[in-house]
Amino acid sequence: MERYFSFSYFIKAIPKLCSALPATLAVVLAALAAGTVLGFLFAAMRIKGGKVLSRIAVAYISFMRGAPLIVIMFLIYFGVPQVLNWMGLAAADYPKFPLIAAGFALNVSGYLAENMRSAFLAVDYGQFEAADSIGMTRFQAFIHIIFPQACIMAIPNVGNTVIMLIKDTSLAFSLGIVDLMGKAVLMNARNYGARQAELYIAVGLIYWAVCLVLEKLVKRIEKLGDKSRFRTP
Amino acid sequence: MRKNVIGKRVMTGVMCAAVLALTACQGGQKGNAPANAQTTGGQTKSGEGSSEAGTTKAEASKDQASKEPEVIKVGAMATLKPFVYTDDNDKIIGFDIDMMNAIDERLEDYTFQYEDLQFSALFVSLQTGAVDMLTGTISRSPEREAEYLVPATDSGSGDSSLVTPDSVTDVNTFEDLAGKKIPMDPGRFEYNEMKKWNEEHPDQAMEIIEMSDVSQAETMKMVADGRADAALVYRTSFDEVQAELSLPVRMSDEVVVKQYYCQLINPQRTEFAKAYEDALKEVIADGTLSELSEKWLGYDMYQ
């Protein structure tokens, strides 16, 4: 049994793997912060952008969701420095982290834009009319009536997108960021893959734990939203 | 009418907010950047065996004071034990790193910085100039020689032999593998050698199980389980895997594939490539690399 599954190696691997958790979370948070802004921008363009802007948004969203993540990542990581060089802004060294996080941000922004658009459209049009009837401007209606409701509707989908992003960040290792999966690959190479099953099961469990925490968080936020939604004055 | 005007106002507001947030993000990330920049690995070990190198460096130190050495970024896959891998603190180590550090000591005008890259990003990094050079069990090929600068001097070599179940002692060469199943990663040099054998000897062809990124230990487990008839494993890895797993398998004494290693250099770096090769010849000739080979592989691969 020890030959096929060493429980002691498995247990020892967990804290070592966890040391790479901050790197994974850093990529996730950076990509999420920039991706939310971009996603909001493109969702707005798609809904209210008129003929030209909405078409640009459609193309952008479809490319970011359709192109393989590694392609977007490589395009940014290798392409941006070259474009900058070409523009005469050559630098000896490009910081790694922002370039890699930007690739993830662009990819996730496509998904977030669609999450936000569907949430916005899910708010009943009657809400706008009601706001109108009490003399609110469209802007006031959006900020005070539509946006809070759309946020709550978006939570489950955004939660899914974030879970997807967490697992996707394992691609960052191909460019040298030692994240959870990267740590497992490095540790695996230290004994020629002799304890591969133990490592991969451990890393799978850690990803699962992170996603469980996130799921709980999403549930809690959803409940908070529900309360405020059905509260009677 | 009114609807449109307000829509536009919302849009402008959103855009302003987005631009502001983006620029704020950029500022923050720039601040973080230096912490992520990789620094050159320690050179403590490589200095031990080369006291001559120390004296030449001292002689030239007056030149060095006036000129900063140019940084050469060296990309390597850190999953190639014992050539390039990581220690428990994720620091990149191995024979290649010690070798590069020994060469670094001899090159006044250059200093090496190491970057861990995975196979998918390795060659595109060199092509785009994200790194200047690649090392780590890379074999030479006409295609690579046409695309990059490849020093004519080999930096080392590795021997692989067949691993079979304990009871099977008559499988020692490719000839003995006719119709037998053997796993191999198509990205590896050995795969091409096996393919070549199959093309040249169609009646004695082996059945290659193509598995990307399969580890050496995994292929040995496959042999032990009967999922494969044989595995092609580095002679240096076998004992270490067995120390951990003690599988019911044996390694043949016959070397089936000998792979010579080289480095690939960005084609624009002609001056550096020349200096590099001269230094490489030196560290081979004076025995520095023989010593490192003993340290990392347990034998002298230059004999």
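Numbered from 1 within each chain, the chains take letters A, B, ... in sequence-line order.
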Take a 6.0 Å sphere around [atom1] of [X] and say whether it holds more than 12 heavy atoms from other residues, nucleotides or ligands.
X: B:Q268; atom1: CD; answer: no
X: B:E70; atom1: CD; answer: yes
X: A:R55; atom1: CZ; answer: no

What closest approach, in Å, do B:E244 and A:A194 show between heavy atoms, and which atom pair accounts for it?
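Looking at all heavy atoms of both residues, the closest pair is CG-CB, 3.8 Å.
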
Out of curiosity, A:L186 CG to B:K81 NZ, how far, rounded to the nearest 0.5 Å?
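If I round to the nearest 0.5 Å, the distance is 13.0 Å.
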
For the CD atom of A:Q196 and the NZ atom of B:K221, what is their distance to the nearest 0.5 Å?
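Between atom CD of A:Q196 and atom NZ of B:K221 there are 7.0 Å.
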
Apply side-chain hydrogen bond (donor to acceptor under 3.5 Å, both in side chains) to A:Y60 and list each qualifying residue two or more places apart in sequence or on a separate chain.
A:S109

With sequence neighbours excluded, residues passing side chain to side chain contact (heavy atoms under 4.5 Å, CB included) with B:T236
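Result, side chain to side chain contact (heavy atoms under 4.5 Å, CB included) vs B:T236: B:P82, B:Y234, B:L297, B:Y299.
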
Residue by residue, scan residues 119-128 of chain B and write down, ordered by number, those that have a heavy-atom distance under 4.5 Å to chain A; if none do, write 'none'.
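The stretch touches chain A at B:S120, B:A121, B:V124, B:S125, B:T128.
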
Which of residues 182-190 of chain B get closer than 4.5 angstrom to chain A, counting heavy atoms alone?
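Result: none.
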
Just so I understand: if I count every heavy-atom pair under 4.5 Å between each of A:S174, A:G79, A:G182, A:G50 and chain B, which residue has the most?
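Result: the option with the highest number of such pairs is A:S174.
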
Taking side chain as everything from C-beta outward and backbone as N, CA, C, O, which of these in A:F74 sits under 4.5 Å from a heavy atom of chain B? Side chain, backbone, both or neither.
side chain

With only heavy atoms counted, which part of A:V185 is less than 4.5 Å from chain B, the side chain, the backbone, both or neither?
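For A:V185, heavy atoms of backbone and side chain both lie under 4.5 Å from chain B.
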
Distance-only, no hydrogens or angles: does the A:R190 side chain make a donor-acceptor pair with backbone N or O of B:T86 under 3.5 Å?
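Here the side-chain-to-backbone pair exists.
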
Do [X] and [Y] have side chains that approach each other closer than 4.5 Å (heavy atoms only, starting at C-beta)?
X: B:S215; Y: A:Y192; answer: no
X: B:T79; Y: A:N188; answer: no
X: A:N191; Y: B:V241; answer: no

Side chain, backbone, both or neither: which part of B:A130 has a non-hydrogen atom closer than 4.5 Å to chain A?
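Side chain only.
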
Relative to chain A, which segment of B:D88 carries a heavy atom at a distance below 4.5 Å: side chain, backbone, both, or neither?
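Its backbone and side chain both get close to chain A.
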
